[in-house]
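Read through the structure below, which is laid out as structure tokens, and then see the notes.
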There are 2 protein chains.
Amino acid sequence: MGASLSDVASAAGVSPSTVSRYLNAGIKLPASTSERIDAAIKTLRYVPNPLARSLGRGRSDTVGLVIPDIANPFFASLASAVEQAAEEHGQGVLLSATSNSAAREVEYVSRMLRNRVSGLLFVSGHHNSSDLAETLAAASGLILIDEDVPGIDCSKVFCDNENGGRLAGQYLASVGHKRIAFIGGPEKLRSTTERLTGLREAAEENGAKVVMTCFGNYSPEFGRQAAAQVLQSSEEPTAVFVSSGEIAFGLLEALQAADIAIPERLSLIVFDDAGPLHLFNPALTAIRQPIREMGRKAVELALAEPDENAAFVEFLLPVELIVRASVTAPKAT
Amino acid sequence: MGASLSDVASAAGVSPSTVSRYLNAGIKLPASTSERIDAAIKTLRYVPNPLARSLGRGRSDTVGLVIPDIANPFFASLASAVEQAAEEHGQGVLLSATSNSAAREVEYVSRMLRNRVSGLLFVSGHHNSSDLAETLAAASGLILIDEDVPGIDCSKVFCDNENGGRLAGQYLASVGHKRIAFIGGPEKLRSTTERLTGLREAAEENGAKVVMTCFGNYSPEFGRQAAAQVLQSSEEPTAVFVSSGEIAFGLLEALQAADIAIPERLSLIVFDDAGPLHLFNPALTAIRQPIREMGRKAVELALAEPDENAAFVEFLLPVELIVRASVTAPKAT
DNA sequence: CTGAAAGCGCTAACAT
DNA sequence: ATGTTAGCGCTTTCAG
């Protein structure tokens, strides 16, 4: 197709390596030669071939991002942040969504590795896959975001799930709720367990109780099922903590269909404030994660020089309570 | 790092080319040798290096997707569809979001090209950039989605914007609206002009009129501004057609802040039904685009054999009216 | 049908 | 400081 580096070199009367160094290492050379090179580049419309470059260096200028679902607003925002941060480092983004398939997690992660990504950002959606652990163990520049993978030693970026749970628990208790339902994600994921821990502790410290829990995947469909369980519960919770926006969507749908007044009959608080939750009916009270910061931090960590007396670090980014209309005092019993 | 093709070859006692052909072209060879190759692959844990493969073939197994903004639910859904379709064709996805910068459109598109993507799916957000046209002209496997780029000759996938406008206009007129406001995207984009055309025609055929128009970018911020304009309009529209979900978010916010009752005081219909618009306050009446089909179609077109007596095609996918609560009859004047 | 050999375009030791 | 020379790992024409 286009002109190659050596075309430029011969046109400028120098060796390919000189051109390469000039372009990459930014070495200085006599004005006359650098001008000839620049001219040749312009004339020949030379553009470097990143594939060749990557093959030669064993590393591509691309960071990999593997997430469960790009259509989920949380991950979409994360991808957006990653994309932007990567760009600032001159890196492209190779994206894969696993659609919550454990097999695809392994496959996509390993594809990223084969493509010699310069950093690999991974949000898992599953617990306990030995294949995954094995694949991940071989990765360099690996950063785990949002969910942990036990046994993997690398830098990690989470939000402060436990404190998010606490904030929600304190708030619900403070307006008078005594019986709280917890709708989580997959049972063994870090996000689920930590949020529940925080919620439970804060509730109990403030005279309230988590009276029911239910777990499922991060989908509207599960939200609908969860709504049924909440409504059937003999514990009669007066407030629901939902561990994700996607679940909340389904929950709300089902609750509206069943003519349950929110917040009068049931208060609702959502973990995660991605998407326009403030426009919902009612506006949803939420725990907001610093999604953009998480993405940015992850990219920085992934791209940091690996040699530096490299202890792996684990970041816990702060969350915040956003008070809106979906929580109110429970009706007097 | 890992074992290479030639490692496998020598372990199996054959030549690299044989292994390559066996793996790629799927040729048959004596059971004994194929077994030795398989064994060697397993033992050495051989995984092919896609970078080398791409460099050799001049084409990577990756489709490029360039969109304005991945955090926008419409593009997020599109990306999800593309990702999935690409996967089914054994292709990865290289993603870039231009954040509505014309310069970045050129840069990202050309980066994709340099990376020898096997197909390039592009959603523009700008009108009239000669640099862009020049860059795009050199692209192979280029598919334009959702927005046109004048002068570029390639296959394209749109939704039926004009009919979407018509459906909205007919519906608004049918419930009694006479004065309709149109809040569009950027003024010269195909999506904007076509939707307006359809809306206007249907309105006029049914005794209504588009009494004001305003144009801006696809963002909540513009939606807020547009709200102010609608409220100040001397034409007193009784219904608003909004050309995107993102704009609708800002519009709704501002309208709520100004205590405008929707739909009693002002009816609202949104083009595009990405995101949980049915959970909004009020549930938003919308024109739904077949986003997944658009993504899927685009991938298929991009990956189709280019030689086939190749006339470029232009697809117009059907839209549909989703009736919800944000449109009602206007108050008697 | 299989193997040898020449790239793909760039980088990086090594030598000058 | 610049040039020479090997690769990086795979594909593919071209002989055999």
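Per chain, numbering begins at 1; letters A, B, ... match sequence-line order.
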Go along nucleotides 7-13 of chain C 5' to 3' and tag each nucleotide: B for a protein heavy atom under 4.0 Å from its base, S when only backbone or sugar atoms are that close, - otherwise.
-BBSBBB

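In terms of heavy atoms, B:Ile152 sits closest to B:Ala137 at CD1-N, 4.2 Å. Contact detail for A:Gln91 and A:Asp61: the closest heavy-atom pair is OE1-C, 3.0 Å. The minimum heavy-atom distance linking A:Ser96 with A:Tyr108 is given by the pair CB-CD1, 3.3 Å. Closest approach of A:Arg114 to B:Asn49, counting heavy atoms only: O-OD1, 4.1 Å. Residues A:Thr135 and A:Ser110 approach most closely at CG2-CB, 3.8 Å, considering heavy atoms.
Screening residues 30-42 of chain A for side-chain hydrogen bond (donor to acceptor under 3.5 Å, both in side chains), with sequence neighbours left out, gives A:Tyr22-A:Asp38.
For the residue pair A:Glu147/A:Ser124, the side-chain donor-acceptor check at 3.5 Å is not satisfied.
Here the options are B:Arg104, B:Arg111, B:Met112, the test is side-chain contact (heavy atoms from CB on, under 4.5 Å), and the partner is B:Val66; only B:Met112 passes.
Taking five base pairs at each end of the helix from C:dC1-D:dG16 to C:dT16-D:dA1, the local helix axes there meet at an angle of 40°, rounded to 10°.
Following rounding to the nearest Å, B:Tyr22 (OH) and D:dT11 (P) show an atom-to-atom distance of 15 Å.
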